[in-house]
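Here is the structure we will look at, set down as structure tokens.
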There are 2 protein chains.
Amino acid sequence: MGASKTDFFTDKQNGIATLTKALAHPARIAIIEYLVKVDSCICGDIVNELPLAQPTISQHLKELKIAGLIKGNVEGNAICYCIDEKAITKLQDYFANISAKLQKKNTCC
Amino acid sequence: MGASKTDFFTDKQNGIATLTKALAHPARIAIIEYLVKVDSCICGDIVNELPLAQPTISQHLKELKIAGLIKGNVEGNAICYCIDEKAITKLQDYFANISAKLQKKNTCC
DNA sequence: TTTTAATATTGCAATATTACGATAAAGATG
DNA sequence: CATCTTTATCGTAATATTGCAATATTAAAA
């Protein structure tokens, strides 16, 4: 095949997988880190920052946006991208919850 | 192409991307959640738990293992899998750090 | 030793991702 | 209006992922 059997998993599981999938590429991690670093979100210079062509960056931004990890504001002919905190919080909470549950159990390995 | 240009990113960025990539599939999220749920890690019944064939589960487990998210202990002819807390902690810390940094800045969007 | 049980590996088809050149679209600027 | 700047989209080649049947491997059990 090649297509994920998303139908068989819960919405929550698919939701987390959508977020992790959006971050499953070093370029997209680099984009997120760049957006964290520059506190104002005058973007587009992401293209200058990363060693990838403009269409490639644009495509990565699209994926991050569809997944809900970033938001884009049109400002004249430029677009201002920035991180959507809610998505980061969701991931943070998800892993914190797993961590907490693991603490309570005696892992056998 | 189709291959990620990992050479151009930092080890840390590639490291996070490796972890998120390993979790970038609902089946692998479901496996992690199952391992959290059953506090003893008598595994292999993951195959019974999920709607995927045994070779498929085996392949997903392999990916999680290579990424460092789970550990496997041979116990007789069965194998006991369990979560590697360090990887979860790494992800938790990573997103907590981003969250903290975002709090200090006035996001423009 | 033969059989059974649990897991891994191989091979392959279907599909998805990654990357980028070429080009389009849309607003700013002269 | 013509042009420049910025970003998006299209088309396409290279590669990766997903899923499973068939088969191999390994160790326990009979």
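Heavy-atom basis, side chains included; hydrogens, waters and symmetry copies ignored. Per chain, numbering begins at 1; letters A, B, ... match sequence-line order.
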Proximity to DNA chain D (any heavy atom under 4.0 Å), residues of residues 13-27 of chain B only: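 Here the set is B:K21, B:H25.
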Heavy-atom count check: over 12 atoms from other residues, nucleotides or ligands less than 6.0 Å from B:D11 CG?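 For B:D11, atom CG is not crowded (no more than 12 foreign heavy atoms under 6.0 Å).
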Heavy-atom distance under 4.5 Å between the side chains of A:V47 and A:T56, does that happen here?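 No; the side chains remain at least 4.5 Å from each other.
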How long is the line joining [atom1] of [X] and [atom2] of [N], in whole Å?
X	N	atom1	atom2	value
B:L50	C:dT7	CG	P	13 Å
B:E63	D:dA16	CD	P	13 Å
B:R28	D:dT17	CZ	C1'	8 Å
B:N73	D:dT26	CG	P	18 Å
A:I57	C:dG21	CD1	C1'	16 Å

Does a nitrogen or oxygen in the side chain of B:H60 sit under 4.0 Å from OP1 or OP2 of D:dT17?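 Answer is no, no contact under 4.0 Å.
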Test of understanding: with side chain to side chain contact (heavy atoms under 4.5 Å, CB included), list the residues that count as partners of A:A78, not counting sequence neighbours.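 Applying side chain to side chain contact (heavy atoms under 4.5 Å, CB included) to A:A78 gives none.
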Would you please name every residue forming a side chain to side chain contact (heavy atoms under 4.5 Å, CB included) with B:A100, sequence neighbours left out?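 With sequence neighbours excluded, B:A100 shows a side chain to side chain contact (heavy atoms under 4.5 Å, CB included) to no residue whatsoever.
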How far does NZ of B:K71 sit from CD of B:E85, to the nearest 0.5 angstrom?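 So the gap between those two atoms works out to 7.5 Å.
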Interface polar pairs with nucleotides 1-10 of chain D, N/O, under 3.5 angstrom:
{"from": "D:dT5", "atom 1": "O2", "to": "A:N77", "atom 2": "ND2", "distance (Å)": "2.9"}
{"from": "D:dT7", "atom 1": "OP1", "to": "A:I79", "atom 2": "N", "distance (Å)": "3.2"}
{"from": "D:dA8", "atom 1": "OP1", "to": "A:Y81", "atom 2": "OH", "distance (Å)": "2.5"}
{"from": "D:dA8", "atom 1": "OP2", "to": "A:S58", "atom 2": "OG", "distance (Å)": "2.9"}
{"from": "D:dA8", "atom 1": "N7", "to": "A:Q54", "atom 2": "NE2", "distance (Å)": "2.8"}
{"from": "D:dA8", "atom 1": "N6", "to": "A:Q54", "atom 2": "OE1", "distance (Å)": "2.9"}

Do any pairs count as a side-chain hydrogen bond (donor to acceptor under 3.5 Å, both in side chains) and have a residue in residues 13-24 of chain B, sequence neighbours left out, and if so which ones?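 Passing the test, one end in residues 13-24 of chain B: A:E33-B:Q13, B:T10-B:Q13.
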Keeping the roles fixed (side chain from A:S58, backbone from A:Q54), state whether a donor-acceptor pair exists under 3.5 Å.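 Flag not set: sc A:S58 to bb A:Q54 has no pair under 3.5 Å.
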With sequence neighbours left out, what residues match B:K86 under salt bridge (charged side-chain N to carboxylate O under 4.0 Å, His left out)?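 Only B:D84 meet the salt bridge (charged side-chain N to carboxylate O under 4.0 Å, His left out) criterion with B:K86.
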